[in-house]
Amino acid sequence: MAKNTSDCIEEYIKQLLAQSGIAEIKRSNLADTFQVVPSQINYVIKTRFTESRGYTVESKRGGGGYIRIARVRFSDRHQLFGNLMAHIGERISEQVFTDLIQQLFEEKIISEREGNLILATASDEVLGENAPEIRARMLRRILQRLDRKGFHL
């Protein structure tokens, strides 16, 4: 499958992150590099480098402006679970739920198979009209279960 420009921009930023843990970019320079308008850079950052995907984004506008992206790292699993629990509201969209399950997979807390099984049961189609509320409750219980002492894959 051919990659679109947004995929290429995301991959480039992830390569920068892999090198030093922080990607500091100038929106205009990156736009020039990929021959796109700066708003496309904003779109990629706003949709692919979100808190629910495990990133922090700091932005400074103006002549010396930059965008700094960092991957959130946790000292241990308990800290990760606590952080996730603190950010679960009463409702969670299907996209944010998917991002959080992906983060658990990337942190090697759940397997790909487990993640896919969880996602299969958490869609709007399966859960119906109360899906956002049910997903929030599901995620709390999943995290509580995973955070138990001695739990290993």
Side-chain angles (χ1 to χ4, degrees), residues 1-89 91-125 131-132 135-136 138-140 142-147 151-153:
M1 180 168 92
K3 289 186 180 181
N4 66 34
T5 305
S6 293
D7 292 339
C8 293
I9 295 167
E10 176 186 15
E11 195 172 285
Y12 175 80
I13 293 171
K14 284 183 174 178
Q15 286 173 357
L16 293 175
L17 284 165
Q19 291 170 13
S20 65
I22 293 178
E24 192 169 300
I25 56 175
K26 288 195 176 284
R27 192 180 345 259
S28 59
N29 292 353
L30 198 55
D32 290 345
T33 299
F34 286 94
Q35 298 181 343
V36 297
V37 293
S39 62
Q40 183 156 4
I41 304 301
N42 290 343
Y43 168 78
V44 170
I45 291 167
K46 283 187 183 349
T47 59
R48 303 193 183 189
F49 294 92
T50 62
E51 187 177 339
S52 64
R53 289 186 179 189
Y55 297 96
T56 59
V57 178
E58 181 184 324
S59 180
K60 180 177 179 260
R61 297 196 177 268
Y66 61 84
I67 299 171
R68 186 177 295 139
I69 303 168
R71 186 91 169 125
V72 176
R73 294 283 176 226
F74 296 95
S75 61
D76 63 24
R77 288 182 175 190
H78 182 71
Q79 184 185 12
L80 169 65
F81 296 142
N83 182 67
L84 292 175
M85 290 288 275
H87 289 91
I88 299 173
R91 303 167 55 89
I92 294 182
S93 72
E94 193 168 346
Q95 183 59 58
V96 170
F97 186 86
T98 299
D99 291 348
L100 294 171
I101 296 301
Q102 179 68 32
Q103 190 176 353
L104 291 173
F105 167 70
E106 288 172 2
E107 295 287 335
K108 296 179 178 26
I109 293 167
I110 61 173
S111 69
E112 182 177 7
R113 182 171 186 258
E114 290 165 337
N116 285 328
L117 288 170
I118 293 167
L119 293 176
T121 64
S123 70
D124 288 340
E125 179 186 353
R135 266 193 297 274
M138 284 174 62
L139 187 57
R140 273 191 212 88
I142 289 167
L143 292 173
Q144 287 168 351
R145 185 62 61 106
L146 291 174
D147 196 24
F151 179 87
H152 299 288
L153 280 177

Assess, by modelled atom type and distance only, whether the side chains of Glu106 and Gln102 contain a donor and an acceptor separated by less than 3.5 Å.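 On atom types as modelled, these side chains qualify, holding a pair under 3.5 Å.
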Regarding Asp99 and Gln103, is there a side-chain donor-to-acceptor distance under 3.5 Å anywhere? no
Got a second to check how far [X]'s [atom1] is from [Y]'s [atom2], nearest 0.5 Å?
{"X": "Ile118", "Y": "Phe105", "atom1": "CD1", "atom2": "CZ", "value": "12.0 Å"}
{"X": "Ile25", "Y": "Leu16", "atom1": "CD1", "atom2": "CG", "value": "7.5 Å"}
{"X": "Thr33", "Y": "Lys26", "atom1": "OG1", "atom2": "NZ", "value": "13.0 Å"}
{"X": "Gln95", "Y": "Leu100", "atom1": "CD", "atom2": "CG", "value": "10.0 Å"}
{"X": "Ile110", "Y": "Leu146", "atom1": "CD1", "atom2": "CG", "value": "7.0 Å"}
{"X": "Ile69", "Y": "Glu58", "atom1": "CD1", "atom2": "CD", "value": "11.0 Å"}

Does Leu104 form a side chain to side chain contact (heavy atoms under 4.5 Å, CB included) with Leu143? I'd like the steps, not just the answer. CA-CA 10 Å; Leu104 291 173; Leu143 292 173; 4.2 Å; yes
Give me the atom names and distance for the closest heavy-atom approach of [X] to [Y].
{"X": "Ser6", "Y": "Asn4", "result": "N-OD1, 3.0 Å"}
{"X": "Leu139", "Y": "Ile92", "result": "CD2-CD1, 3.6 Å"}
{"X": "Ala23", "Y": "Leu17", "result": "N-CD2, 3.6 Å"}
{"X": "Arg135", "Y": "Ala122", "result": "NH1-O, 2.7 Å"}
{"X": "Gly89", "Y": "Arg140", "result": "O-NH2, 2.6 Å"}
{"X": "Phe97", "Y": "Met138", "result": "CZ-CE, 4.4 Å"}

Report the C-alpha distance between Leu117 and Thr121 in whole Å, list the side-chain angles of each, state the deciding distance to 0.1 Å, and finish with yes or no for side chain to side chain contact (heavy atoms under 4.5 Å, CB included). CA-CA 7 Å; Leu117 288 170; Thr121 64; 5.9 Å; no
What verdict does the side chain to side chain contact (heavy atoms under 4.5 Å, CB included) test give for Ile45 and Tyr55, after you've listed the backbone C-alpha separation in whole Å, the side-chain angles of each residue and the deciding distance to 0.1 Å? CA-CA 10 Å; Ile45 291 167; Tyr55 297 96; over 6 Å; no
Starting from the C-alpha separation in whole Å, work towards a yes-or-no answer on side chain to side chain contact (heavy atoms under 4.5 Å, CB included) for Lys60 and Arg68. CA-CA 9 Å; Lys60 180 177 179 260; Arg68 186 177 295 139; over 6 Å; no
CD/Gln15: more than 12 non-hydrogen atoms of other groups inside 6.0 Å: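 Yes, because the 6.0 Å sphere around CD of Gln15 holds more than 12 heavy atoms from other groups.
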Any chance OH of Tyr12 has more than 12 other-residue heavy atoms, nucleotides or ligands included, within less than 6.0 Å? no
Would you confirm whether Glu94, through its side chain, and Asp124, through its main-chain N or O, come within 3.5 Å as a donor-acceptor pair?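 Judged by distance alone, yes, a pair lies under 3.5 Å.
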Presence of salt bridge, Arg48 and Asp7, under 4.0 angstrom: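 Salt bridge between Asp7 and Arg48, a charged N being under 4.0 Å from a carboxylate O: yes.
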Between Phe49 and the options Thr56, Ile67, Val44, the side chain to side chain contact (heavy atoms under 4.5 Å, CB included) test singles out Val44
